[in-house]
Amino acid sequence: MTTYMVCCFRRRFRPASNEPSEAIGDVFHAYAGADGALGEEALRRFLREEQGETSDGDLDEAAREIMAFAAEQKLLKKGGGGLTMEGFHRWLCSDANAALHPRRGVHDDMGLPLSHYFIYTGHNSYLTGNQLSSGCSEAPIAKALRDGVRVIELDLWPNAAKDDVEVLHGRTWTSPVELGRCLEAIKEHAFVSSPYPVILTLEDHLTPHLQAKVAKMIKETFGDTLHLSESETMTEFPSPKDLKGKIIVSTKPPKEYLQTKSNKEESQNGVTEEESVWGEEIPDNKALMDVGRQVSEQDTKRYVKEEEDMEKIAQLGANIEYKRLIAISLTRRKHDMDEDLKVDPHKVSRMSLGETAYEKATITHGAEIIKFTQKNLLRIFPRTTRITSSNYNPLMGWRYGAQMVAANMQGHGRKLWLTQGMFRANGGCGYVKKPDFLMNCDKMFDPRSNLLVKTKLKVTVYMGDGWRLDFHKTHFDKFSPPDFYARVGIAGVVADTRMEETKVIMDNWIPTWDHEFVFPLAVPELALLRVEVHESDNHQKDDFGGQTCLPVWELQTGIRSVRLCGRDGEPMRSVKLLMRFEFT
């Protein structure tokens, strides 16, 4: 019995049982022999009929691996028999039976131009916390690269003496970090999790003298891993395959940073239309936002003078060596969408848009954005009012083919979970090939149109376990075991986006829901399966119990183990759900 104290009384509850649910038991008995066990032939039949395995070679290999797993765990029936129900259940819940194939690896065609891929992109990659007063460090850069991020952003500013370069979020109270430490972190961690190229985007506020210093530091640090373009213009980007093991610099031609205001100064507001479906995020800290406005009001005149001084210095000419580093040129915006989105048949480039300007552009120039991104790169970055490093819905960018949807990696929440979910695809290499319809020049995709349903995804949530191992017994409720419920839904085009939930299972560390959902999908190629578990609380906000986000197009059908993650996107040690996926 599990005992909880309420004042001077003891409340006793049945101990948690990790026995298979009734539904899982029914599946086992449908294939088990007269001896109550699964032999190899019955196991192969189960894998074919329930798990969607079709190749005889794959069936044989999978059956042998399961039997080996059961033998190692001593879960075979005594006397050399087959797999017991406990062994069957243990294997179903193991990482070897994960919803995403554990050994599939990189499988997209990686030989196409960079513009054909969504790319895992960070924003202000050096920040450790909020956008206003947190510290700057190389540590978040290293972590992002280890997590598979392929685009790192550095803001370069002169130090107080104007004789060296610092990395910091300009016009704020963030403490700087040395550029050299950031470059060394990139060098050390760039290809730990993925061999595909790292793109280094620079926001440069430097004099030609300091640009020369940066050029020397970058070349000396990266050496042969630095990709240098053979000409200033390209008619087509190289492929991730061609650029394996390379670091690429992308920024504006030097003078342009000093002649124009940064797009980051846009004042942006608004929420996406699906926020009511997904639930509200933690709001930006009002005190921080008020301080941010004070900084802006107090320092505007000083910064305008600095910009004027820098512009005068810029007239002396940009550093040639620094300019040669730029392999992907960032084009200067004309602030006229008709002009900005024109496709130059003789030159490819990258453009950046703030999230609000981009969202407005999707309403008036949706088809033009898709056409532009078929050849060029488009980066979307969060609005400056996201002081607490929150994020926007990345699907807003992916629906129209934007490759670089920049995320604050320290801004944990539902929007970042979507980004992490997208880049679990294609072996987690940081590059995911865009759906073919986004590259179709003859018929432009319109995510806002009335789209026909292509398929239906049936999701069954059987049960969950692991909280009893990862949390203290009073973590969720001081006086009783937790009351868990699951939320399951789809993030994708507007027509596909929805969220549903199971009933609450009271006072149970191992909840069994056996709940079935059906999701009609018009665009499964852009659909992400969202899963959350919460602990119901009648008197205050429900407690968080774990989450994950999975690319629908990579789901393995059948009964699968789904490991949940914490708020920060890191996998929880023991917490998993047992679920079933069927496409109809």
Just by distance, do the side chain of Glu355 and the backbone of Arg383 share a donor-acceptor pair under 3.5 Å? yes
Any donor-acceptor N/O pair, Ser574 side chain to Gly466 backbone, under 3.5 Å: no
Walk me through whether Glu220 and Lys187 qualify under salt bridge (Lys or Arg N to Asp or Glu O under 4.0 Å). CA-CA 11 Å; Glu220 288 181 351; Lys187 177 185 176 181; over 6 Å; no
Smallest separation among heavy atoms of Thr225 and Gly245, with atom names: CB-O, 3.7 Å
So CD1 of Ile199 and OG of Ser250: to nearest 0.5 Å the spacing works out to 7.0 Å
Worked verdict on Ser352 versus Arg350 for side-chain hydrogen bond (donor to acceptor under 3.5 Å, both in side chains): CA-CA 7 Å; Ser352 281; Arg350 176 173 73 85; 3.0 Å; yes
Trp467 side-chain N/O to Gly545 backbone N/O, donor-acceptor pair under 3.5 Å: yes
When you check the gap from the basic side-chain N to the acidic O, do Lys375 and Asp344 get nearer than 4.0 Å? no
In the structure I gave you, are the side-chain heavy atoms of Glu184 and Glu138 within less than 4.5 Å of one another anywhere? no
Give me the atom names and distance for the closest heavy-atom approach of Cys136 to Val177. O-CB, 3.5 Å
Applying side-chain hydrogen bond (donor to acceptor under 3.5 Å, both in side chains) to Asp147 and Tyr120, what does each step give before you reach the verdict? CA-CA 10 Å; Asp147 290 344; Tyr120 203 175; over 6 Å; no
Can you tell if the side chain of Val167 reaches within under 4.5 Å of the side chain of Glu178, non-hydrogen atoms only? no
Asp155 versus Tyr126, side-chain donor and acceptor atoms under 3.5 Å: yes
Between Arg530 and Glu532, is there a side-chain N and carboxylate O pair less than 4.0 Å apart? yes
Carefully, step by step, assess Leu353 and Met351 under the rule side-chain contact (heavy atoms from CB on, under 4.5 Å). CA-CA 7 Å; Leu353 283 175; Met351 185 170 72; 4.2 Å; yes
How about Trp417 and Phe544: are their ring centroids closer than 6.0 Å? yes
Would you say Ile119 and Val149 make side-chain contact, with heavy atoms under 4.5 Å? no
Any side-chain heavy-atom pair from Leu200 and Phe222 closer than 4.5 angstrom? yes
Given side chains that start at C-beta, do those of Phe372 and Ile370 come closer than 4.5 Å, heavy atoms only? no
Any chance you could measure Leu325, atom CG, to Lys219, atom NZ, to the nearest 0.5 Å? 6.0 Å
Any heavy-atom pair between the side chains of Val575 and Asp465 that's under 4.5 Å? no
Show the nearest heavy-atom pair for residues Gln556 and Phe581, with the distance to one decimal. O-CD1, 3.6 Å
Is the side chain of Asn130 donor-acceptor paired with the backbone N or O of Ser133 at a distance under 3.5 Å, no angle test? yes
Side chains of His205 and Glu203 only: does a donor on one sit below 3.5 Å from an acceptor on the other? yes
Flag side-chain contact, heavy atom, 4.5 Å: Pro197 against Tyr431: yes
Does the pair Arg379/Glu153 count as a salt bridge with the N-to-O cut at 4.0 Å? yes
Taken in chain and number order and not counting sequence neighbours, the residues that satisfy salt bridge (charged side-chain N to carboxylate O under 4.0 Å, His left out) with Asp543 are none
Pairing donors with acceptors under 3.5 angstrom, does anything connect the side chains of Thr233 and Ser231? no
Do Trp173 and Leu168 make a side-chain contact, defined as non-hydrogen atoms from C-beta onward lying under 4.5 Å apart? no
Can you name the salt bridge (charged side-chain N to carboxylate O under 4.0 Å, His left out) partners of Lys433, sequence neighbours left out? Asp436
Would the distance check show the side chain of Thr362 and the main-chain N or O of Glu359 forming a donor-acceptor pair, the cut-off being under 3.5 Å? yes
Can you tell me if Asn97 and Ser561 form a side-chain donor-acceptor pair at under 3.5 Å? no
Inter-residue atom distance Leu341.CG - Ile369.CD1, 0.5 Å rounding: 6.0 Å
Between Leu100 and Pro551, which heavy-atom pair has the shortest distance, and what is it? CD1-CD, 4.0 Å
Minimum heavy-atom distance between Trp157 and Leu206, given as atom pair plus value: C-CD2, 3.7 Å
Quick one: do Asp95 and Arg563 satisfy side-chain contact (heavy atoms from CB on, under 4.5 Å)? Show the steps, please. CA-CA 8 Å; Asp95 289 335; Arg563 183 178 290 277; 2.9 Å; yes
Regarding Arg386 and the six-membered ring of Tyr392, is the cationic atom NZ or CZ under 6.0 Å from the ring centre and inside 45° of its axis? no
Shortest non-hydrogen contact from Tyr196 toward Cys429: CD1-CB, 3.9 Å
Side-chain ion pair, Glu232 and Lys347, N-O less than 4.0 Å: no
Are Asn408 and His123 close enough that a side-chain donor and a side-chain acceptor fall under 3.5 Å? yes
Would you kindly say whether Asn426 and Glu554 are connected by a side-chain donor-acceptor distance under 3.5 Å? no
Return yes if a side-chain donor-acceptor contact under 3.5 Å exists between Ser389 and Gln131, otherwise no. yes
Does Lys213 pair with Asp163 as a salt bridge, N-O distance under 4.0 Å? no
